Amino acid sequence: MKDLKSLIDVEKLPQHIAIIMDGNGRWAKKHGQPRVFGHRNGVKAVREATEAAAELGVKYMTLYAFSTENWGRPKAEVNALMTLLVQTIRKEIETMNKNNIKLQAIGDLSQLPSKSYKALQEGIESTKHNTRMTLVLALNYSAKWEIIEAVKSIAQQSKDGKIEPNSITEATFAQALSTNGMPDPELLIRTSGEQRISNFLLWQIAYSELTFLPIYWPEFRREHLYQTIIDFQNRERRFGKTSEQIINSKK
Ligand code: FPP
């Protein structure tokens, strides 16, 4: 394990890693257990990923914890997920403060059950001065929702005469998103073998490297993060340019 870590070039870390944590239900089924057993074990993987990323020096990690579409799951599962969220945040605040990790959230938080909303706000408030890494939970999040919200906000600014439609740039738009101020994720990881984006950070992943891991989320360990980062560092990110241009620009 130590060997794998030593293969990482810490000078070339992705600043922001986004993760679609998928496969909790299938993992539970494989073990003959109810779905919530998978979510509980998913929390262990969240801890592993967070600790490993922070230790390496990654600055932002965004986890897709609950999508807008997830409300459509059986009521008992939604309740269990919301309870787990409250318990996890309350339990982990101390460790986050000890490790200098800041908690943030993106999504339509106003629609969360009041207990979850309160625990989340307490976590955000209590960790707001931490600087080592920001852990962003995407909760009741959907990228299309976020994009519509950004459009509404820019349209309103235009109506109020604060912005000229012709002066709208990519930066204007990025500032209107809930990820304002964060670098775009250079790396997106999805577990469970599914190869979809599922309405996650559509604008922000325009140039992200995508990694699909054939393991269920509760099986995710720090070695998976190390290996994914090593693979990321071995890929050439061209941003639409040619290989020669990239090589020459590094000379
Ligand atoms: C996807 O697996 C997982 C989720 C929808 C929830 C993720 C939640 C956690 C890991 C626990 C709480 C997290 C935090 C940050 C406190 P799935 O249920 O879609 O699995 P399946 O595709 O196999 O059914």
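Numbering of ligands and ligand atoms starts at 1, following listing order. Keep in mind the model is a prediction, meaning the values are calculated, not measured.
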Does Ala105 have any side chain to side chain contact (heavy atoms under 4.5 Å, CB included) partners at least two apart in sequence or in another chain, and if so, which? Leu109, Leu120, Ile124
Looking at every non-hydrogen atom in both residues, tell me the closest pair between Ile163 and Thr172 and how far apart they are. CD1-CG2, 3.4 Å
Among Phe37, Trp217, Phe220, ring-ring contact (aromatic ring centres under 6.0 Å, His included) partner for Trp27: Phe37
Out of curiosity, is Ser192 lining ligand 1, as in a heavy atom under 4.0 Å away? no
Provide, to 0.1 Å, the distance between atom 12 (C) of ligand 1 and the closest protein heavy atom, together with that atom's residue and name. Val43 CG2, 4.0 Å
Mind checking whether Arg35 has a heavy atom under 4.0 Å from ligand 1? yes
May I ask whether Leu63 has any heavy atom positioned less than 4.0 angstrom from an atom of ligand 1? no
For atom 1 (C) of ligand 1, what's the nearest protein heavy-atom neighbour? Residue, atom name and distance, please. Met21 O, 3.0 Å
In the single-linkage hydrophobic clustering (I, L, V, M, F, W, Y; side-chain heavy atoms under 4.5 Å), do Tyr216 and Ile189 co-cluster? no
Between the NZ atom in Lys115 and the CG atom in Leu85, the distance rounded to the nearest 0.5 Å is 12.5 Å
Charged N to carboxylate O under 4.0 angstrom, Glu223 versus Arg221? no
Distance-only donor-acceptor hits, side chain of residues 131-141, under 3.5 Å, sequence neighbours excluded:
from, atom 1, to, atom 2, distance (Å)
Thr131, OG1, Asn100, ND2, 3.1
Arg132, NH1, Asn99, O, 3.2
Asn140, OD1, Trp71, NE1, 2.8
Asn140, ND2, Asp108, O, 2.8
Tyr141, OH, Glu146, OE1, 2.5
Tyr141, OH, Leu201, N, 3.3

Below 3.5 angstrom, do we get any N/O pair linking Tyr64 and ligand 1? no
Within the 4.0 Å heavy-atom shell around His39, which atoms of ligand 1 are there? 11 (C), 18 (O)
Heavy-atom proximity to atom 8 (C) of ligand 1, best of Gly25, Gly42, Ala65: Ala65
Applying a heavy-atom cut-off of 4.0 Å, say which part of Ile89 lies close to ligand 1: side chain, backbone, both or neither. neither
Does a sphere of radius 6.0 Å around CZ in Arg73 hold more than 12 heavy atoms from other residues, nucleotides or ligands, not counting ones at 6.0 Å or beyond? yes
To the nearest 0.1 Å, how far is atom 15 (C) of ligand 1 from its closest protein heavy atom, and which atom is that? Leu137 CD2, 3.6 Å
Say you draw a straight line from CZ of Arg235 to CG of Leu187; how long is it, rounded to the nearest 0.5 Å? 7.5 Å
Atom 2 (O) of ligand 1: closest protein heavy atom, distance to 0.1 Å, is Asn24 N, 3.2 Å
What atoms of ligand 1 come within less than 4.0 Å of a heavy atom belonging to Thr88? 16 (C)
protein heavy-atom neighbour closest to atom 5 (C) of ligand 1 works out as Asn70 OD1, 3.6 Å
The option among Arg73, Glu77, Arg26 carrying the non-hydrogen atom nearest to atom 19 (O) of ligand 1 is Arg73
